[in-house]
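Below is one structure; the comments refer to it alone.
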Amino acid sequence: MTRTELTFSSDQAEAWDTITEALRGAGVDLVEGQLLPASDGKSSVMAVIGKAGSGKTMLLAELTRALRDAGVDLVSGDWEGRKRKDRRTLAILAPTNKAASVLRNQGVPATTIHRIIYTPVYDPQYEKVAEWLAGQGERPSIEGLTDLALDRAWASYQVNSSVPAALAAAGLRGSDFITGWKRREEPLDIGFVDESSMLDERQFEDLKEIFPTLLLFGDPAQLPPVQGNGSMVFDTLPAPRKLVLHRIHRQEADNPILDLAHALGDPALEFHDFEAMIADAAARDARVVVAQRVEADLMARSPVLVWRNVTRIRLIHAFRAAFDAPEDELLEGEPLVCDGIELPMKHRKKRLDLEARGLIKGAQVIYLGPGKRPGFSRLHVIGAEDPQVGAACIIKIEHEGDAEPFIPFAARMGATFVHGAAVTIHKAQGSQWDTVQVFAPDIFAASRMGRVEAGQPLWKRLAYVAITRAERELRWVVRNRLSRPSAPLTVEDLRAGPMAMQLQEEEP
């Protein structure tokens, strides 16, 4: 029997067969493990949908493995190589760096949607190094790169399959080998999009232009995009194009967090019943905790998840006060969230550079300290493959009500940030953390409002998204209290590795 037959449930196997037929139209035969002549050019959009634990990521990973075994080239957005008529390409995408890193941690080489829409332009001499690493050329001789540096690049590429990471291991910075960015001019073949519930209509249209064959993976129980019409892009697909996974695979591991998430599907469940279920789970399993306070230590790397902005701002100020953060500057180790990039059109290339380094709206960042020039900061971008960067920043500490945010320091233009010790549940979609703190009074407030979205009470959607962000431990915080931190903030855990030596300041 094949590996697929051994591991797939009936609904996964049915989805596999349907997708396999669609991929034949894209020029890939998974049954025979070979590439086919060019397809008829018809476009195909399908979706694999299911709640947390239903096996979406497992199916995505198995399809990726089978496509690579069949000879399909994986395109990461970092470097694509020479185009060939007989080539078939695949890109695995996620809306955010953190969502992409969750897939990479499970062995699936994902990149962000932005990195596939805009492609890097390599310096010609370093293009030769990239071609050699990818097996498309001979080992080059480059002035300034020693044999030892090339050996380090080769060793890195064998582990990461990333050209930029390999060149960084050789001692190069991004500005040494990437001369600019351009919007993709030629389409690819196959695109897999994880966390597709986060896609807005514009992103969806962009992706359909790039990929004749597009497969969306999404959770219909999550929250729709804030800027959208209240629905998800796969909602518009006809029923035969939506492949639904029902079996909860991870339930075999007796996961109490997933038990709670799926209990929210009961239409008769009320908020007080759900809290009683949480208390019962906490009494039986250490992976669920009913907490009397927010733990300040956890907030530095894992934000508290809230619904209301007023709660978010209050918790941020309580966090800063707990760590004795001065009002006029940031401490090393404070978490931030990118709120966009403020650059005029004439600096479009610099905008693309910053976005390519991971500074896209919603990116989670740790402040490493001031840069060498006023307004510049050293940053660690959570989930980015090359995480450490220096950039012109506008950092805002928000206040309650209509008060203007406090800006401890700022460049005239650059990447903008708000504090990240607490984030809204909407912005947490696509991310996962080992331990997650959910501020229960906010969920209760949502339940009292009685709002319904897409036929589901809002509080249930909020609770579902929030608790499924936890990989190992869920802390259901029931009191408006904050613990004292056990130690000062630190960034020592972020300084290790060769990337830390490649920090450079990106300027507009």
Side-chain angles (χ1 to χ4, degrees), residues 73-83 89 91 97 100-101 104 109-112 114-186 188 341 347-360 371-372 376 378-381 383-392 415 497-508:
D73 286 347
L74 193 67
V75 175
S76 69
D78 294 324
W79 182 78
E80 292 187 23
R82 294 191 298 266
K83 297 175 174 60
T89 53
N97 294 292
S101 73
R104 291 198 298 269
T111 190
T112 62
H114 180 274
R115 291 296 293 267
I116 217 69
I117 293 176
Y118 294 95
T119 61
V121 178
Y122 273 65
D123 181 285
Q125 65 174 340
Y126 296 117
E127 181 88 9
K128 296 177 183 177
V129 180
E131 290 174 351
W132 165 62
L133 292 171
Q136 298 181 13
E138 299 295 324
R139 180 181 175 115
S141 176
I142 306 294
E143 184 178 354
L145 277 186
T146 65
D147 284 341
L148 179 60
L150 287 173
D151 289 342
R152 288 200 304 267
W154 178 264
S156 172
Y157 190 80
Q158 304 316 302
V159 174
N160 301 308
S161 298
S162 168
V163 170
L167 293 175
L172 297 170
R173 301 178 301 177
S175 58
D176 292 331
F177 54 86
I178 294 178
T179 61
W181 298 83
K182 64 179 181 179
R183 189 176 177 90
R184 177 175 298 281
E185 297 175 351
E186 298 186 17
L188 298 171
I341 296 176
H347 292 298
R348 182 173 178 273
K349 175 182 177 295
K350 181 51 58 182
R351 173 188 290 273
L352 296 179
D353 286 342
L354 290 171
E355 291 175 338
R357 296 295 301 275
L359 294 179
I360 56 179
K372 295 178 181 178
F376 278 71
R378 296 179 293 118
L379 308 167
H380 182 101
V381 184
E385 293 182 83
D386 184 1
Q388 299 197 359
V389 62
M499 294 300 181
M501 302 178 63
Q502 306 303 321
L503 190 64
Q504 60 175 314
E505 288 194 350
E506 303 283 352
E507 51 184 309

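Positions are given from 1 along the sequence.
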- Give the C-alpha distance, both sets of side-chain angles, the deciding distance and a yes or no for side chain to side chain contact (heavy atoms under 4.5 Å, CB included) between Ile116 and Leu188. CA-CA 10 Å; Ile116 217 69; Leu188 298 171; 4.0 Å; yes
Any donor and acceptor pair, going by atom type alone, linking the side chain of [X] with main-chain N or O of [Y] inside 3.5 Å?
X	Y	answer
Thr179	Val121	yes
Arg104	Gly383	yes
Arg184	Ile117	no
Gln136	Trp132	no
Asn97	Ala384	no

- Message: Is it the case that atom CD in Gln158 sees more than 12 heavy atoms from other parts of the structure closer than 6.0 Å?
- Response: yes
About how many Å separate [atom2] of [Y] and [atom1] of [X], when rounded to the nearest 0.5 Å?
X	Y	atom1	atom2	answer
Arg152	Asp147	CZ	CG	11.5 Å
Asp151	Thr146	CG	OG1	8.0 Å
Glu131	Glu138	CD	CD	11.0 Å

Minimum heavy-atom separation for [X] and [Y], please, with both atom names.
X	Y	result
Leu133	Ala166	CD1-CB, 3.7 Å
Ala100	Ala110	O-CB, 3.9 Å
Leu145	Ala170	CD2-O, 4.0 Å

- Query: Step by step, would you call Leu172 with Val129 a side chain to side chain contact (heavy atoms under 4.5 Å, CB included)?
  - Reply: CA-CA 12 Å; Leu172 297 170; Val129 180; over 6 Å; no
- Message: I'd like to know whether Leu167 forms a side chain to side chain contact (heavy atoms under 4.5 Å, CB included) with Tyr122, so could you lay out the CA-CA distance, the side-chain angles of the two residues, the decisive distance to 0.1 Å, and finally the verdict.
- Response: CA-CA 12 Å; Leu167 293 175; Tyr122 273 65; 4.1 Å; yes
- Task: Check whether any side-chain heavy atom of Val163 lies under 4.5 Å from a side-chain heavy atom of Phe177, and answer yes or no.
- Result: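 Result no, sub-4.5 Å side-chain heavy-atom pair not found.
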- Item | Worked verdict on Arg139 versus Leu150 for side chain to side chain contact (heavy atoms under 4.5 Å, CB included) | CA-CA 9 Å; Arg139 180 181 175 115; Leu150 287 173; 3.5 Å; yes
